[in-house]
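Data block below; observations after.
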Amino acid sequence: MIKICIADNQPVVLLGIMSYFKDNPKIDVPLKATSFEELNILLNTHKADIIILDLELSGVLSIKDIKKLVTQNPDSKIILYTTVPEKMYASNAIKAGVYAYVEKTTSLHELERIIVKVNNGEKVYNEEVKKKIE
């Protein structure tokens with residue numbers, strides 16, 4: 001079972017994702033945080049296979065914060081799940097160690113597919129971003 005931690009400011013996003021995966025046989029979402037500080041505290045005592053992180057989470061000041069999160073949690077893969085367009089930050093995020101950059105307009109079914117890919121070690125981003133980081 002893939003253990004997920006979701007970190008987002010918006011209760012509707014937290015509850016929506018947790019509800020969508022509630023009875024999923026492959027994915028469990030037992031951990032949630034509403035700020036970067038709360039996320040760090042949570043990850044000190046709990047482990048997650050994947051962290052779904054809003055780029056605009058309260059307390060995230062820059063890509064450096066995300067890079068630090070990657071470094072401090074080497075067994076967790078990070079998916080940025082955000083309203084910020086991919087072309088703005090995805091290449092820097094991938095360079096920082098993020099496995100996927102997913103816009104919140106993506107369906108939950110597609111997010112599920114991405115979670116499985118990331119859990120298998122695959123990085124998920126579009127061709128434009130790929131060109132920028134190579």
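Being a predicted model, the structure only gives us computed values, none of them experimental.
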Is [Y] close to [X] at the side-chain level, that is, under 4.5 Å between some pair of heavy atoms?
X: Ile79; Y: Ile114; value: yes
X: Val98; Y: Leu53; value: no
X: Ile17; Y: Ile4; value: no
X: Leu55; Y: Tyr101; value: yes
X: Leu43; Y: Gln72; value: no
X: Lys26; Y: Asn119; value: no
X: Leu69; Y: Asn40; value: yes
X: Val124; Y: Val102; value: no

Calculate, to the nearest 0.5 Å, the distance between atoms [atom1] and [atom2] belonging to [X] and [Y] respectively.
X: Leu57; Y: Asp8; atom1: CG; atom2: CG; value: 7.0 Å
X: Asp65; Y: Phe36; atom1: CG; atom2: CZ; value: 4.5 Å
X: Glu56; Y: Leu80; atom1: CD; atom2: CG; value: 11.0 Å
X: Asn73; Y: Ile78; atom1: CG; atom2: CD1; value: 6.5 Å
X: Thr71; Y: Ile66; atom1: OG1; atom2: CD1; value: 12.0 Å

Atom [atom1] of [X]: over 12 foreign heavy atoms under 6.0 Å:
X: Lys67; atom1: NZ; value: no
X: Glu37; atom1: CD; value: no
X: Lys104; atom1: NZ; value: yes
X: Lys68; atom1: NZ; value: no

Check for a donor-acceptor pair, side chain of [X] on one end and backbone N or O of [Y] on the other, with a separation under 3.5 Å.
X: Ser35; Y: Ser58; result: no
X: Asp28; Y: Lys3; result: no
X: Asp54; Y: Asn9; result: no

State plainly whether one hydrophobic cluster holds both [X] and [Y], where clusters connect Ile, Leu, Val, Met, Phe, Trp and Tyr through side-chain heavy atoms under 4.5 angstrom apart.
X: Leu42; Y: Val70; answer: no
X: Leu108; Y: Leu15; answer: no
X: Tyr20; Y: Ile50; answer: yes
X: Met1; Y: Val118; answer: no
X: Leu14; Y: Ile27; answer: yes

Would you name the heavy atoms of [X] and [Y] that are closest together and state the gap between them?
X: Leu39; Y: Ala7; answer: CD2-CB, 4.0 Å
X: Ser76; Y: Ala48; answer: OG-O, 2.5 Å
X: Met18; Y: Ile6; answer: CG-CG2, 4.5 Å

For Lys47 and Asp75, run side chain to side chain contact (heavy atoms under 4.5 Å, CB included): C-alpha distance rounded to whole Å, both residues' side-chain angles, the deciding distance at 0.1 Å, then the answer.
CA-CA 8 Å; Lys47 298 294 179 201; Asp75 296 330; 5.7 Å; no
If you apply the rule side chain to side chain contact (heavy atoms under 4.5 Å, CB included), what do you find for Ile115 with Ile52, and how did you get there?
CA-CA 9 Å; Ile115 288 169; Ile52 298 176; 3.8 Å; yes
In terms of side-chain heavy atoms, does Glu110 have a donor or acceptor partner in Thr106 at a distance below 3.5 Å?
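The answer is no; no qualifying pair exists.
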Glu122 pairs by salt bridge (charged side-chain N to carboxylate O under 4.0 Å, His left out) with which of Arg113, Lys117, Lys77?
Lys117
